Structures are given as structure tokens and as C-alpha cells.
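Chain letters run A, B, ... following the sequence lines, proteins first and then strands; every chain starts at 1. Quick caveat: nothing in here was measured; it's all calculated off a predicted structure. Note: hydrogens, waters and symmetry copies are ignored here, and every other heavy atom, side chains too, is used.
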There are 2 protein chains.
Amino acid sequence: MQTAGSTAAPESPTRPPGFATGRVLRPSTKVLPEHARGHNRSLVLQTLYRAGQQSRADLARSTGLTRVTISDLVAELMAEGLLVETGQRAIIRPGKPATLLDIDRGAFQILGIDLSEHTIFRGAVLDLDGRILSRSEIPLAGSTGADATAKVIALAETLRGMATAPILGMGVGSPGVVDLGGVVLAAPNLGWSGEELQATLSARLSMPVVVANDANVAVLAEHSFGDADSDLMLVKVGHGVGAGLLLGGTPLFGSRFAAGEIGHVVVGTDGGTQCACGKVGCLETWLATPRLEAAIAAAATSADPDTILREAGQRLGIALSPVVGALNLAEVVLSGPANLLDGPLLEATIETIRDRTMAEFHGNLVLRMTTLGEDIVLRGSAVMVLSGQLGVS
Amino acid sequence: MQTAGSTAAPESPTRPPGFATGRVLRPSTKVLPEHARGHNRSLVLQTLYRAGQQSRADLARSTGLTRVTISDLVAELMAEGLLVETGQRAIIRPGKPATLLDIDRGAFQILGIDLSEHTIFRGAVLDLDGRILSRSEIPLAGSTGADATAKVIALAETLRGMATAPILGMGVGSPGVVDLGGVVLAAPNLGWSGEELQATLSARLSMPVVVANDANVAVLAEHSFGDADSDLMLVKVGHGVGAGLLLGGTPLFGSRFAAGEIGHVVVGTDGGTQCACGKVGCLETWLATPRLEAAIAAAATSADPDTILREAGQRLGIALSPVVGALNLAEVVLSGPANLLDGPLLEATIETIRDRTMAEFHGNLVLRMTTLGEDIVLRGSAVMVLSGQLGVS
DNA sequence: TTAGTTCGTAAGGTTTACTAACAAACATGC
DNA sequence: GCATGTTTGTTAGTAAACCTTACGAACTAA
């Protein structure tokens, strides 16, 4: 019992132990040295993936590991066919010239599938940089349940046949609620509930498969390829309305894997249209593309279509304001038909959010269309595979 | 170039490397074996902290580490004075009797300070279990800026003098926007902007200090001591309205460290009262305690106070619905004066949220008062110190 | 030609956690 | 009472991962 007034915890608990530094986290599983190895392995891949060609010495400098350790990791990765030496650095400077390394970007390919469209399943073969090399698609033709699953399998097998290099894995973006094991808990349009899509596909194709919600997949693409921030919300407008959230670089799944399901949140306090879900004034009744198109067509003679689009944008803004405020988001991205979203709707949304939140906290709030167009889910599928198989994104 | 149709990534990249398994994350820093050691060290502390007395063999079983490694870690922790042997297990069974270990819960104490009340700074000395051992407070008396800082220092020094064991560190919950380094970026009521409170206190008191936003601190307390879920929103109602978010067990800070600042989000689409911030119908105009009390007092003769409370609850529900929907929250906790919050207000809030969101996704949504009462920030301060210094929470 | 720089590798040491084996201390059954 | 079996915690030795130190190779610059 030392007397008070002394200067705190004297000799012993000097520094916070490694992982706990600064961060508030809860260690839950043991960590062995080999796990650290796996982490550093991914760190090397990640560095090369983003910065491109680098020498071993460059990698050592940018990762903080020693040249010796880097050499060892690089040798391991080269033996696996993931890295290649690409010749010597051209820049002339004193010292032994550096041997450049890069990920062997042609060594593997990735399959991506997008199940989020209403009438068609789309798929693609992508390279490790997320570029689309070839495409395939299969009409849904009203299939549900096992028939829909069969069409996914057929599409996947077609894509496998189109690949021209070993396949690293397959990513699938599905509508509905998907758990962390790739089980589609609920996707009404496809008639799935408890559909073990990831397990089925993985077994059938004998390759690593990742299945996730389409909007969650899309937000990964926007983060990796659309140079977005690490705090990001992507709102996907189509037949329904859904969102994907990336917070601090980590996707949010929610307590029941239904994070981002904002389509059936009621907007405003002044009524609205009856929704299929039973409530009145859900976000989807204002914003889903069929409704928007119908409203514009109906009003073609009387009202200005811009008025309808602006109203929809305001409703989206009303719904997003509490989310933007609570999460202190810096960036919100819209994905969907540009002819509807990109214009009065988007402008009205950002004006509404600015009017309804505290400007100081996110004066720089950016609301914009995705830069990835209609391939956002396909490219996000590649991100999932890269992340899961190589620890790269 | 192997022909398509083959079964994917053949020999080499068999398994996803350790840390990246399943999770989508981005390795950013190197990890050395000693970091793994730190993690396992915290794991042992964590296990003992939560489960109480255990033998080395018990720890080995529950952590997955071997008895040898556990013995080594325990020896290290005992040398630091964090663990003690507490005798032999009483239960009679075959084999050598187990020597029980526990965290030496009297070996260190923690200081906690709550700056969130309007007229007073409150502080306490707590034990490692977060129990309050003694208290002190200092009236704010309208102090702002450097005067307010001086009062925090004075209170901290008083608390240090009250401690009866070495001090592990100090936690401070401050109103306003606080960054990860404990700099109070903006706290209008206290006249602080860019106030380096954590650095100042740490230097002045020569002990580890953590400063964070009061609502973020409170949510940690609710998680650790109020047996809450790992997806949790805590709404703190007082002179203002703020929230703390815990998502997947991790606190959310936001892109500008202003996560949870929902007090100035406009609620509803039917006007409201003018707010000090310039907007009309901010959540605070409906819910802040001075406003609520005034409204009830003014209506004392004419209307039913319950009507006013129900209306406030509905407004809170309207504001929270999009957040609950977007984050798929399972649990929302209110903190503040129970005479106002716990009753018609709380009931109206949950009814409103249920009416405005999709029931299937969070049918079990729980909305309740905190179980920690007015000491929630003080106890949360202890959680921060435990987490930062020992990796325990 | 000499000096200095940079790159990549080799050799050896430290830390970490593992497996294997064992002594201590107990309950149980004959 | 004594052998048997169980559980605990430690000792000894091994493997993995990273480090430091040192060195040869290959280049520029003076």
C-alpha cells in the first residue's frame, strides 16, 4: 500500500502490451508467432499491390521489417507463384541496382457474380487488379429457390470455363440478408431463406467462394477502386434500396447481418405511399426505380420530372441525415441508374442533409455517384476474394 | 497458363494467411512475435478478469495456450504485481490440487473524471473491478477555457491524494468532440477548442491518462458493466443530447471524431422549435432536459406531462429509426434523468422505432435505461484505463 | 583507382510457444 | 496400507519467426 500522491503504477506495468496500445479491444483468441507471419506476409502483398513494383529494400523501408525478413517472405511468396522479379530499377543512383518485385498479376484470375439485378444474373472473370477480362450472364426468367441456385451454379461453371489462368476464388454479391458464412438468410425476390450458397458453390466448384450482400460488396469496390475514404456509406438504388457501410475501413454487418437495410425505414412525419411491407412512407416508396419511373411517366404531361426527382432526393436526405450525423460520415456514394440519380435527386439529397445536420462536424461531406458504374458488384466480388485469399484490398 | 475448367489455384495459395481469415481487413503495420506475446498476456488477464479465480491449467484450457506458456505468462504477470496466487482450490477431486490465481484487484486503483455535467466536475477513485471507492467533486462556477482546465487538474490531484494504492491511470469523459489523442477539438460549454487535455494531464500528473467523449465513455461502461451486447448505442440525455456507438465491440469515432453527435439532427418534416444552432426542430429542442422540464412546467396546468414526454419519445424514435435500421442495432440504451426518460418517453421511443423500421431484422430490439445510473461516465473512465493499460475490459 | 553507397544474403542470437517427460500431490479401489 | 490413476505445474529440448551484425556484389562519383 503505497501512499497516495505518488506517481502512479511505479515499476511494473510500464507500457500497454502491444496489441492493446491506444485501441480499445478485447483479446478473444490466442495469437501465435505464425499468425504474425501471416500478417506480415499480407503486409508485403498489400504494399506491392497498392504501390506497384518495389525492391526488397523498398519493402523493408515501407513495412518496417528488416531486409532479411523481407527476403525470406519474398522467397516464400515467389515459391508460391504470387510474386515475380521484374528486372532491375532503371533509375541511376549509387549502389547496387535494386531488383524490382511485383505481384504476378497475370498468375491468377478471379470470378465475380452479381445477383442483385431483377431479371438477370451477371458474372465476370477479373484479373488481380479488378479489371474485367470477360463476361457472361444468364437470364433469371422468374426462377426462384433451387432453380435460382441452379442458375448461379451454371453461371459459375461457365465463368470457370472462361478463365485463362488458375482461379484464386469466386465472390458473389447477393440481394437480401447474408450472414458471415455466406448463408443467404433471406432474399424474398429469389425465394431464398437459409440458402447455403457459399457452401454449395464452394463444394460444387472446388474453389474458395465468398458470398455477401450486394451493397456490402459494392462498398468494398468503391473503397478499393473508387478511391473513397475509410468511412463510407454506399446507397444502392434499384428495384429496392439498400446500403453498405464501411466504418474505419471495416465493413459493418450488424447484429443480425442486416446492416444497411434501410429500404423499409419510414421517412418523414407527413405520411406517404403504402408500401408492400405494410407500412406507409418507407424509403423504397420514394426511391425505388420502378416507383420513380412510374411517377415520372404518370406526371409526364402535368408536372416537371425534376420536381419528382428532387422530392425523392429530399426523402433520401431526410433518411440519411440521422445516419450521417450519428456515424459522422464524410462520404456517401450512390449507385444505380445515373439518369435518375445523378442530377436533381443527388443535389436535393445533399442540400437536405446539409440543412438537417451539424455542418461543423462534416463540413466536407461528399455525396456523389459511384465511379464504378454497373460493374460495382462484380468488382467488389474481386475485392472479397483478394482480401480473403491474400489479405490484400 | 493452365487451361480453364481446372480446379482453381492449385498448389500454392492454399489457405488464407492467418489474420486475414474470413475477415476483410487491411494489414497496415508489421506484427512481431513480441506483439503476439502482448496479446496473449492480455488474453490471460482478460480471462481472469471476467471469469475470476482460475488455475494455470484452467487458463490453458480456456485460452488454448499450453500449460507451459501459461506458466511463463503468469510468472511474468506475478512479477509485475498484477496477479497473485490465492490458495488452493477447495473442490475435492483426484490429482494434484490446483493453485488458484487471480488479478490482484487491490494492487492498483484507477481515477475517473466526468466533465459532462453542466455545473460540476465529478471524480472518483475506482478499483480494478470498476467499483467506486471514494469521490470528489469541484463546482464549475462558470469557468471556461484555462480556468476549466485548472479545475480539472485540481480535481485530478485531489483524487490522486485519495488513492490508497498505486494508480494504474486516469480516464476522463469530456463533452464535445475529442480526437484519438485526447485533444478536445471543440467543447463550447467549456470554452475549449483544440485543448490538449490528455497531454496536459498526463504530463502534470505523471501517469497514463485517456480522454474521450463522455457518451463514448459511457457506452464502454454499459458494455463492460451493464452486460450489454457488442452492438450498442447509448443515448445520453442531459443539457444536450449525444450518443456513443459500439459496433462489433469496437467504439466508433467517425471521420472527424464526432460520431454520436446527434443533438443537432433535425427530426421530422413538420417544423419544431428554433434551436440555438440556427436550425429548426433539432433533436435537442425536443429532448434536452432543460427544455423538457420547462415544457412540463409551462403545461402543468393545461396539459398532461405524459403527453409532452410521449411526444419527446416519439421524436427520439423518429431520429433513431434510420440509425437502428442502417446499423441493424439490437440494443439502444438511454442514460440521463430517470424521472424524465424512464416511462412514457422510453415507451413512446420504442413504439416509434418499431413502427418505422423492419421488424424482421431486429425483432428483438431492446430499448432500456442504463443500469449504471449517474456513475456511468466515471465507470466508463475505468474501462478505458483497464483497456489501455492491461488490454482488459 | 579509390571511396562511398545501396542491395541482397549469410550467420548467429533472441524471443516465443510448442512437445515430451516428469515429479508432486491428491482420490480411489482393493 | 498400498498400488493405481489423475491432475497440476515445471523442466528440457525443439521449431518458428524476427532481429543484429557482417559481408560480397554492383554501382556512382571524385
Side-chain angles (χ1 to χ4, degrees), chain A residues 15 17-19 27 29-44 48 53-79 83-102 391, chain B residues 15 17-19 27 29-44 47-48 53-79 83-102:
Chain A
R15 302 255 149 253
F19 277 27
T29 46
K30 64 175 174 179
V31 173
L32 305 180
E34 67 205 75
H35 297 137
R37 176 75 166 188
H39 184 94
N40 290 335
R41 208 185 104 106
S42 289
L43 181 57
V44 168
L48 278 174
Q53 292 197 342
Q54 276 187 296
S55 69
R56 291 170 177 82
D58 294 333
L59 286 169
R61 278 184 291 265
S62 59
T63 60
L65 294 164
T66 61
R67 290 202 306 271
V68 179
T69 302
I70 291 291
S71 277
D72 196 47
L73 283 164
V74 164
E76 179 183 310
L77 292 167
M78 283 180 64
L83 294 191
V84 283
E85 295 190 337
T86 59
Q88 296 200 337
R89 174 172 283 142
I91 299 167
I92 291 161
R93 56 176 182 180
K96 177 178 171 179
T99 309
L100 292 174
L101 299 161
D102 199 0
Chain B
R15 303 255 148 252
F19 276 29
T29 45
K30 64 175 174 178
V31 173
L32 306 180
E34 67 204 75
H35 297 136
R37 174 79 166 188
H39 184 95
N40 290 335
R41 207 185 104 108
S42 289
L43 181 57
V44 168
T47 307
L48 278 175
Q53 291 197 344
Q54 276 188 295
S55 70
R56 291 170 176 83
D58 294 333
L59 286 168
R61 279 186 289 265
S62 59
T63 60
L65 296 163
T66 61
R67 290 202 305 271
V68 180
T69 303
I70 291 292
S71 278
D72 197 47
L73 285 165
V74 164
E76 180 183 310
L77 292 166
M78 284 180 64
L83 294 190
V84 282
E85 295 189 337
T86 60
Q88 296 199 338
R89 175 172 281 142
I91 299 167
I92 292 161
R93 56 177 183 180
K96 176 177 171 180
T99 310
L100 292 174
L101 298 161
D102 199 359

Quick one: are B:Leu83 and B:Asp102 in side-chain contact, heavy atoms under 4.5 Å?
no
Please enumerate all residues that pass side chain to side chain contact (heavy atoms under 4.5 Å, CB included) together with B:Lys30, with sequence neighbours excluded.
A:Asn40, A:Leu43, A:Leu65, B:Leu32
Could you go step by step and tell me if A:Gln54 and A:Leu48 meet the side chain to side chain contact (heavy atoms under 4.5 Å, CB included) rule?
CA-CA 7 Å; A:Gln54 276 187 296; A:Leu48 278 174; 3.8 Å; yes
Are B:Arg41 and B:Glu34 close enough for a salt bridge, meaning some N to O gap below 4.0 Å?
no
For A:Thr66 and A:Thr69, run side chain to side chain contact (heavy atoms under 4.5 Å, CB included): C-alpha distance rounded to whole Å, both residues' side-chain angles, the deciding distance at 0.1 Å, then the answer.
CA-CA 5 Å; A:Thr66 61; A:Thr69 302; 3.1 Å; yes
Inspect the contact between A:Arg67 and A:Asp72 and indicate whether a charged nitrogen and a carboxylate oxygen are less than 4.0 angstrom apart.
no
Would you say a side-chain N or O of A:Thr99 is under 4.0 Å from OP1 or OP2 of C:dC7?
no
Quiz question: by atom type and distance under 3.5 Å, do the side chains of A:Gln53 and A:Thr86 form a donor-acceptor pair?
yes
Set of residues satisfying side-chain hydrogen bond (donor to acceptor under 3.5 Å, both in side chains) with respect to A:Thr63, sequence neighbours excluded:
none
Contact boundaries of DNA chain D with chain B (under 4.0 Å, heavy atoms), 5' to 3'?
D:dG5 to D:dC19
Name all pairs fulfilling the salt bridge (Lys or Arg N to Asp or Glu O under 4.0 Å) condition that reach into residues 54-64 of chain B, sequence neighbours left out, sorted by first residue then second.
B:Arg56-B:Glu85, B:Asp58-B:Arg61, B:Asp58-B:Arg89
Worked verdict on A:Glu76 versus A:Arg37 for side chain to side chain contact (heavy atoms under 4.5 Å, CB included):
CA-CA 11 Å; A:Glu76 179 183 310; A:Arg37 176 75 166 188; 2.9 Å; yes
Could you go over nucleotides 1-3 of chain C and give all protein N or O partners under 3.5 Å, atom names and distances?
none

Nucleotide by nucleotide, nucleotides 17-30 of chain C touches protein heavy atoms under 4.0 Å in the pattern (B base, S sugar-phosphate only, - none) SBBB---BBBS---
